[in-house]
2 protein chains.
Amino acid sequence: MTPSRHSDALRAAQLYYLQDLTMDAIARELRTSRSTVSRLLSSARESGLVQIQIRSPLDTGPELASMIRAEYKVDVHVVPVVDTLNEAETLDRVAMQAARTIGPLVDSNAIIGVAWGSTLSAVSRHLTRKITHDSVIVQLNGAGNMQTTGITYASDIMRRFGSAYGARVEQFPVPAFFDHAATKKAMWNERSVQRILQLQARMSIAIFGVGSVDADYPSHVYAGGYLDEDDLNVLANSDVVGDVATVFFRADGSADGITLNERSTGPDLAQLRQVRRRICVVSGASKINGLRGALTAGLATDLILDEATARRLVSFDGVS
Amino acid sequence: MTPSRHSDALRAAQLYYLQDLTMDAIARELRTSRSTVSRLLSSARESGLVQIQIRSPLDTGPELASMIRAEYKVDVHVVPVVDTLNEAETLDRVAMQAARTIGPLVDSNAIIGVAWGSTLSAVSRHLTRKITHDSVIVQLNGAGNMQTTGITYASDIMRRFGSAYGARVEQFPVPAFFDHAATKKAMWNERSVQRILQLQARMSIAIFGVGSVDADYPSHVYAGGYLDEDDLNVLANSDVVGDVATVFFRADGSADGITLNERSTGPDLAQLRQVRRRICVVSGASKINGLRGALTAGLATDLILDEATARRLVSFDGVS
DNA sequence: AAGCACTATGCACAAACGTGCAGAACGGAA
DNA sequence: TTCCGTTCTGCACGTTTGTGCATAGTGCTT
């Protein structure tokens with residue numbers, strides 16, 4: 001009974017959230033049982049019919065969020081955590097809040113660029129549904145590596161985004177890094193690749209994590225067989241601090257002359273900065289160096305991170 | 001303890017609405033009692049920190065809302081009502097939903113034009129707080145009449161808007177109608193009046209009800225001593241169907257040649273149509289004729305009305 | 001320092017809510 | 001029509017949440 005059920009859900013949501021009736025009262029109004037109303041409301045939230053968002057006041061005293069906001073000119077969402085939480089639990093919380101924060105930003109006709117990695121994977125698992133039209137999810141960078149084509153991992157993430165927002169999914173079926181810059185150049189002229197690149201150029205939202213070269217638990221990129229020994233050595237001996245979508249940068253935000261980027265498949269930083277809404281999700285204080293670089297480079301317009309990392313971000317700034 | 005209390009509220013709201021923790025769990029995390037958390041969350045909702053909104057899908061089958069939307073090109077919010085409700089209860093519901101719907105549209109630096117009348121009065125009583133900066137509430141039309149200066153009534157409405165959004169309030173201290181068009185012309189050149197007019201010209205949101213000449217319970221305008229016998233007779237014998245902010249119009253949406261408007265203090269229809277967001281709130285099916293005129297005139301971008309009126313609106317259209 | 005007015009807190013109880021479960025209703029397929 | 005699988009519904013129970021009240025805390029005045 002999808003037709004009337006949907007409109008019942010809308011009605012119930014209006015009465016509950018907009019008029020503060022109790023479920024009991026709504027049940028009487030809809031001539032059904034209270035439990036059904038409870039379920040209608042669940043499905044209304046579930047399907048994105050009801051949107052709950054938290055607008056952190058932009059001016060709250062000298063707090064973490066506002067300090068970071070002032071320093072880096074980004075919209076900050078600090079996820080509260082308690083120190084008894086471990087890495088995985090923290091990631092889960094951050095991902096959940098990120099998913100819910102992204103929801104309201106997504107709209108019809110959006111082109112949403114999505115990177116991959118453990119952070120994005122976690123986020124994708126917590127997305128709340130929201131019905132949109134003619135939206136597209138486009139993969140930001142290739143995911144193939146020397147062992148696998150990377151299909152399953154990255155495409156699961158993409159697929160979850162797609163189904164949460166009812167959007168078309170456009171994969172980017174190339175390796176994360178080419179072995180030879182020349183191959184990349186050649187591929188970039190292929191029409192199948194051009195199509196993806198042109199979508200990327202028209203992105204209205206980009207969502208990504210950051211990799212940090214010196215993280216305690218190195219990101220997929222640094223550990224997952226994407227780069228060989230030589231590459232890793234070069235990285236370690238350079239002043240690269242991290243990456244976004246497999247594009248590397250230094251602490252000062254610069255990326256020029258980093259040869260690895262010539263073989264990488266992610267959007268270059270200048271192009272990324274063109275995107276109206278660039279959402280960076282970070283969990284785990286050990287990513288701090290990569291994060292600072294990304295912020296300095298102006299890669300993000302919105303930052304969602306856990307409290308512990310936020311604290312380190314500002315204390316570092318104070319020291320330096 | 002406003003500083004930490006506020007940030008506790010934010011934290012609680014994030015944990016509750018964004019991460020689905022129970023209040024109990026949040027209480028432990030904040031080292032306080034569950035009841036305090038309950039109260040923190042109340043105040044977070046209360047103060048507009050948490051925004052709940054319902055996005056009615058724009059494409060739901062052949063329903064009331066979408067029929068009206070298609071016909072008049074407005075964003076429609078139909079307020080569900082049961083037929084056991086009387087006029088006053090319906091108005092209350094509509095007003096409540098209107099207030100909550102308006103909330104998310106208000107933002108910092110907004111200039112919000114507000115009319116007066118029983119509908120607006122009801123709406124003003126249900127506004128939810130939302131902190132904004134440098135917003136202004138500006139009165140759309142004068143409220144003085146032959147008995148009183150209209151100060152208390154209209155200014156209560158304005159004041160409530162102002163305090164809900166933390167906005168400056170700009171009253172319009174003139175009568176609703178001048179006795180002589182010439183006086184209006186003269187006053188319109190006064191600098192004190194000019195200031196208000198210029199604010200009105202820069203409005204980003206306008207909120208108003210409609211008056212209908214043949215309503216069962218005539219609006220304030222037609223009954224409150226704003227117009228004398230002669231005026232009312234002229235109206236009754238003309239083809240005027242209603243008014244918005246004391247500016248009259250015909251069923252076809254036209255207003256040219258209606259002499260009363262030359263003495264009225266509301267913004268003329270062309271000017272009103274310049275406003276980006278024009279929110280019309282209507283409760284009570286007897287206002288149908290005025291409403292149709294207003295919609296035909298393209299005065300509203302958003303319409304909030306009760307279900308019964310919505311139903312009559314489309315059935316009329318079907319018949320004619 | 002004491003007194004006072006006001007606000008915030010936790011307790012305890014009542015109200016409101018979510019959900020497993022069993023039965024009803026529905027929608028094909030035979 | 002009957003059967004079976006699926007979905008929807010209401011009940012009953014346990015959990016979660018709101019709130020009046022007494023108490024503790026806070027800041028301001030004298």
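Residue numbering restarts at 1 for every chain, and letters A, B, ... go by the order of the sequence lines. Every heavy atom of this structure was used, including side-chain atoms; hydrogens, water molecules and symmetry mates were not.
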Listed pairs under 3.5 Å, donor-acceptor, residues 99-111 of chain B side chains, sequence neighbours left out:
| residue | atom | partner | partner atom | Å |
| --- | --- | --- | --- | --- |
| B:Arg100 | NH1 | A:Tyr17 | O | 2.8 |
| B:Arg100 | NH1 | A:Asp20 | OD1 | 3.2 |
| B:Arg100 | NH2 | A:Asp20 | OD2 | 2.6 |
| B:Thr101 | OG1 | B:Gln97 | O | 2.6 |
| B:Ser108 | OG | B:His133 | N | 3.0 |

Take the protein atom [atom1] of [X] and the nucleotide atom [atom2] of [N], then report the distance between them rounded to whole Å.
{"X": "B:Arg28", "N": "C:dG10", "atom1": "CZ", "atom2": "P", "result": "14 Å"}
{"X": "A:Arg39", "N": "D:dC8", "atom1": "CZ", "atom2": "P", "result": "10 Å"}
{"X": "A:Leu40", "N": "C:dT19", "atom1": "CG", "atom2": "P", "result": "14 Å"}
{"X": "A:Asp8", "N": "D:dC8", "atom1": "CG", "atom2": "P", "result": "12 Å"}

*Does A:Leu41 or B:Arg31 map to a spot on DNA chain C nearer the 5' end, using the closest nucleotide for each?*
B:Arg31
In a table with atom names and distances, give each donor-acceptor pair under 3.5 Å that connects a side chain of residues 23-32 of chain A to protein atoms at least two apart or in another chain.
| residue | atom | partner | partner atom | Å |
| --- | --- | --- | --- | --- |
| A:Glu29 | OE1 | B:Arg93 | NH2 | 2.8 |
| A:Glu29 | OE2 | B:Arg93 | NH1 | 2.9 |
| A:Thr32 | OG1 | A:Thr36 | OG1 | 3.4 |

*In chain order, what residues pass the salt bridge (charged side-chain N to carboxylate O under 4.0 Å, His left out) check against B:Arg168, with sequence neighbours excluded?*
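Counting only residues at least two positions away or on another chain, B:Arg168 forms a salt bridge (charged side-chain N to carboxylate O under 4.0 Å, His left out) with B:Glu170.
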*asked:* A side-chain contact here means heavy atoms from C-beta on lying under 4.5 Å apart; do A:Leu305 and A:Val78 qualify?
replied: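 Side chain of A:Leu305 against side chain of A:Val78, heavy atoms only: contact under 4.5 Å found.
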*Any side-chain heavy-atom pair of B:Val94 and B:Thr90 under 4.5 Å*: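 B:Val94 reaches B:Thr90 side chain to side chain.
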*Please work out if A:Thr32 contacts a base, only the sugar-phosphate, or nothing of the nucleic acid, heavy-atom cut-off 4.0 Å.*
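Contact class for A:Thr32: sugar-phosphate only.
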*Salt bridge flag under 4.0 Å for residues A:Arg11 and B:Glu307*: yes
*Please work out which residues in residues 16-27 of chain B have a non-hydrogen atom less than 4.0 Å from an atom of DNA chain C and list them by number.*
none
Pairwise N/O distances under 3.5 Å, protein to nucleotides 12-15 of chain D:
none

_Counting only side-chain nitrogens and oxygens, does B:Thr36 get under 4.0 Å of the OP1 or OP2 atom of C:dG10?_
yes
*Is the backbone N or O of B:Gln51 less than 3.5 Å from a side-chain atom of B:Arg45, with the two atoms forming a donor-acceptor pair by type?*
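Between the backbone of B:Gln51 and the side chain of B:Arg45 there is no qualifying donor-acceptor contact (under 3.5 Å).
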*So which pairs with a foot in residues 108-117 of chain B pass salt bridge (Lys or Arg N to Asp or Glu O under 4.0 Å), sequence neighbours left out?*
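Residue pairs passing salt bridge (Lys or Arg N to Asp or Glu O under 4.0 Å), neighbours aside: none found.
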*Verify the distance criterion only: is there a donor paired with an acceptor across the side chains of A:Ser121 and A:Arg125 at less than 3.5 Å?*
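Looking only at side-chain atoms, A:Arg125 and A:Ser121 do form a donor-acceptor pair, the distance falling under 3.5 Å.
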*Out of C:dT19, D:dG10, D:dG18, which has the shortest distance to the side chain of A:Ser38?*
C:dT19
